Novice: 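Can you keep this structure in mind? I'll have questions shortly.
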Protein chains: 2
Amino acid sequence: MSEASTAVDAWEALFRAQVSVLRALSAEFPTDEISLTEYDLLFNLSRQPEHRLRIRDLHAHLLLTQPSVSRMVDRLAARGLVAKSTDPSDGRGTIVTLTDDGHELYRRVGVQHARSISRIVGGALSPAELRQLAALCVKLRTATAHEATHAS
Amino acid sequence: MSEASTAVDAWEALFRAQVSVLRALSAEFPTDEISLTEYDLLFNLSRQPEHRLRIRDLHAHLLLTQPSVSRMVDRLAARGLVAKSTDPSDGRGTIVTLTDDGHELYRRVGVQHARSISRIVGGALSPAELRQLAALCVKLRTATAHEATHAS
DNA sequence: CTCCACTCTATGCATACGCAACGAGCGGTC
DNA sequence: GACCGCTCGTTGCGTATGCATAGAGTGGAG
């Protein structure tokens with residue numbers, strides 16, 4: 001089997017696994033409070049120093065187009081879950097900051113979400129396999145993000 | 001580190017990698033011809049004996065709700081890429097079959113898509129790592145699909 | 001200092017999506 | 001054979017999304 005088809009098979013396997021797990025996770029996600037994509041946005045903010053990012057940088061972490069991220073930020077700001085402010089170092093930019101309310105909701109939903117993940121993903125692979133999978137995915141993401149920046 | 005957080009870390013890593021790769025793939029996918037999700041639908045049909053599935057079974061492979069799959073099938077049928085027919089063994093069911101046109105488009109787009117995958121995913125991991133990643137993902141998907149059926 | 005090319009985010013519009021509900025079909029019970 | 005509970009796919013509706021575009025801001029060249 002050529003290297004090319006090995007890569008295709010690996011990607012297909014990853015994508016299929018992600019669809020399968022995401023379907024199971026979606027089934028028990030509290031969508032009445034927040035959507036999975038909105039949760040992902042809050043997650044990305046929570047990982048940043050001071051829980052803040054410019055919309056441009058936030059967009060790079062999400063699977064939405066830039067106008068959709070802009071709109072989602074608007075909706076979350078309207079609910080008081082994030083705050084928007086102009087970037088003092090670049091007037092073009094908008095800084096999005098996780099509010100206390102947003103952080104509280106993120107944590108509350110996150111605990112429940114983590115339980116689902118532990119059962120579904122944790123039940124499928126051993127700890128050693130999980131660490132192995134994590135390492136491979138980090139390498140894949142790092143190299144891919146690099147290529148995207150390089151291609152620009 | 002507990003098993004629970006190992007599972008959460010592994011899932012986060014997988015999800016982030018998937019977002020990163022999908023962003024890069026989307027950037028060069030021929031969306032003027034077909035969307036990535038429509039392509040995924042055709043892909044799932046192409047994998048079946050006789051390239052056909054009931055909508056219910058097709059839905060299980062996709063990240064859309066059942067009505068959305070129904071609508072997408074309608075749109076693809078309108079373009080002649082798939083054909084719909086009533087299931088002779090169960091009048092409630094609709095069989096979706098990949099047409100010659102649909103198969104031709106799927107293959108053409110698939111070749112281009114496979115090149116992107118080879119460069120992006122193949123450039124990030126070695127052949128041994130790719131096989132390892134594929135094996136772990138197959139195991140994850142198999143266990144997860146099993147749990148979904150079990151929970152029903 | 002002015003101008004211009006580009007960056008960055010927001011907005012208008014058309015389409016796709018999810019949710020809720022509906023109607024046709026199936027299979028088991030009486 | 002009739003009835004009922006459930007399955008399965010379709011449809012109506014409101015919202016989210018992507019595409020194209022506009023306008024404000026930046027930085028570098030002249």
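Note that the structure is predicted; figures quoted are calculated from it, not measured. Each chain gets a letter, A, B and so on, in the order the sequences are listed, and its residues count up from 1.
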Novice: Does anything in residues 82-97 of chain B come within less than 4.0 Å of DNA chain C? Heavy atoms only, and list the residues if so.
Specialist: B:D90, B:G91, B:R92
Novice: Measure the distance from NE2 on A:H59 to C1' on C:dT7 and round it to the nearest whole Å.
Specialist: 14 Å
Novice: Just how far, in rounded Å, is P of D:dA16 from CG of A:L41?
Specialist: 14 Å
Novice: In this structure, how many angstroms lie between the P atom of C:dA24 and the CZ atom of B:R54, rounded?
Specialist: 18 Å
Novice: Nearest 0.5 Å, what's the OG1-CZ distance between A:T94 and A:R92?
Specialist: 11.5 Å
Novice: So which of B:Q112, B:H113, B:R119 actually passes side chain to side chain contact (heavy atoms under 4.5 Å, CB included) with B:E28?
Specialist: B:R119
Novice: With a 4.0 Å heavy-atom cut-off, tell me which residues in residues 60-79 of chain B come close to DNA chain D, sorted by residue number.
Specialist: B:Q66, B:P67, B:S70, B:R71
Novice: Take the protein atom CD1 of B:I34 and the nucleotide atom P of C:dT15, then report the distance between them rounded to whole Å.
Specialist: 18 Å
Novice: Whole angstrom is fine here: how far is it from CD1 in B:I55 over to C1' in C:dG25?
Specialist: 15 Å
Novice: Report the distance from atom CD of A:Q18 to atom CG of A:L25, rounding to the nearest 0.5 Å.
Specialist: 10.0 Å
Novice: Testing the basics here: between A:H59 and A:Q66, what is the closest heavy-atom pair and its distance to 0.1 Å?
Specialist: NE2-N, 3.5 Å
Novice: Before accepting this row, confirm whether a basic side-chain N of the pair B:R108/B:E104 lies closer than 4.0 Å to the acidic partner's carboxylate O.
Specialist: yes
Novice: Once rounded to the nearest 0.5 Å, what's the spacing between atom CG of B:L76 and atom CD of B:E38?
Specialist: 5.0 Å
Novice: What is the minimum heavy-atom distance between B:L98 and B:L42, and which atoms define it?
Specialist: CD1-CD2, 3.6 Å
Novice: Are B:L22 and B:V109 connected into the same hydrophobic cluster when the rule is that any two of I, L, V, M, F, W, Y join if their side-chain heavy atoms are below 4.5 Å apart?
Specialist: yes
